[in-house]
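In this text, all values refer to a predicted model and were calculated from it rather than measured experimentally. All residue numbers in this chain count up from 1 along the given sequence.
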Amino acid sequence: MSEMSALPGAVAGGLADISELGLQGMVTLKADLSAPETAAAVRAATGTAVPDRRRIIETETGAVAWMAPDELLILCAHDGADAMVTSLCNTLKGRHYLAVNVSDARAFFAIEGRGAREVLAKLAPVDLHPESFGPGEMRRTRLAQVPAAFWMTSGDSIRLICFRSVARYVFDCLAISARDGGEVGYF
């Protein structure tokens, strides 16, 4: 496993504060999300239920995010991702599933402050108005020209995940979008 995040210490400011959050454990689970066995495996491994469509359930130790009709992303401690995969594999033995530690293939960012929605809205084709997108909602979309997923942890705090290989591009796009003087004033 990697011992260094994609962009250690990367920060930018302006309309919102952008920061790379460091190493984060991430496990992809592909399975029949409607199966009771999958729900039991997720609960055993994380302590939470399978989230509804386009939702994320956050806990003190991680999160479970709906990514597709047959896919979840489980966030946990970076050094706990392999144990999470083992737990899922043991519980789902004999079922059709895939559980993979993808921690080192991803980068993790925070967008925080009064302009967080505006910064992201300039880059993602998602309605980020507070009546349409709020805490606990998850979106898997594109950010400028690359895939990304994001959710709100509060009214002015967003978490974003992208592939590690495009971390610099994503950070730079967010930093440019956050520059003072670029306010659109929609939100």
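With sequence neighbours excluded, the residues that form a side chain to side chain donor-acceptor pair (under 3.5 Å) with Asp172 are Arg168. Every side chain to side chain donor-acceptor pair (under 3.5 Å) that Asp156 has, sequence neighbours left out, goes to Ser154. Under the side chain to side chain contact (heavy atoms under 4.5 Å, CB included) criterion, Asn90 pairs with Thr86, sequence neighbours left out. Residues satisfying the side chain to side chain contact (heavy atoms under 4.5 Å, CB included) test with Val11, not counting sequence neighbours, are Ser19. In this structure, the side chain to side chain contact (heavy atoms under 4.5 Å, CB included) partners of Ala10, at least two apart in sequence or on a different chain, are Leu7, Glu20, Phe171. The salt bridge (charged side-chain N to carboxylate O under 4.0 Å, His left out) search around Asp70 returns Lys30, not counting sequence neighbours. Scored by the salt bridge (charged side-chain N to carboxylate O under 4.0 Å, His left out) test, Arg95 finds Glu37 as partners (sequence neighbours excluded). Shown here are the side chain to side chain contact (heavy atoms under 4.5 Å, CB included) partners of Pro8, two or more places apart in sequence or in another chain: Met4, Ser5. Remark: Glu183 engages no residue in a side chain to side chain donor-acceptor pair (under 3.5 Å) (not counting sequence neighbours).
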Just list the side-chain donor-acceptor pairs under 3.5 Å for residues 39-49, sequence neighbours left out, or say none.
unit_1 : atom_1 : unit_2 : atom_2 : d
Thr46  : OG1    : Val42  : O      : 2.6
Thr46  : OG1    : Thr48  : N      : 3.1
Thr46  : OG1    : Thr48  : OG1    : 3.0

Would you give me the side-chain donor-acceptor pairs under 3.5 Å for residues 107-126, sequence neighbours excluded?
unit_1 : atom_1 : unit_2 : atom_2 : d
Glu112 : OE2    : Ser157 : OG     : 3.0
Glu112 : OE2    : Arg159 : NH1    : 3.2
Glu112 : OE2    : Arg159 : NH2    : 3.2
Arg117 : NH1    : Leu128 : O      : 2.5
Arg117 : NH1    : Phe133 : O      : 2.8
Arg117 : NH2    : Phe133 : O      : 3.2
Glu118 : OE1    : Gly185 : N      : 3.1
Glu118 : OE2    : Val184 : N      : 2.3
Glu118 : OE2    : Gly185 : N      : 3.4
Lys122 : NZ     : Ser177 : O      : 2.9
Lys122 : NZ     : Gly182 : O      : 2.6

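In this structure, the side chains of Leu33 and Trp66 come closer than 4.5 Å at one or more pairs of heavy atoms. Side-chain contact between His96 and Asp32 is absent, with no heavy-atom pair separated by less than 4.5 Å.
Summarising the geometry, atom CD belonging to Glu3 is positioned 9.0 Å from atom CG belonging to Leu23; distances are rounded to the nearest 0.5 Å.
The salt bridge (Lys or Arg N to Asp or Glu O under 4.0 Å) contacts involving residues 123-137 comprise Glu137-Arg139, where partners must be two or more places apart or lie in separate chains.
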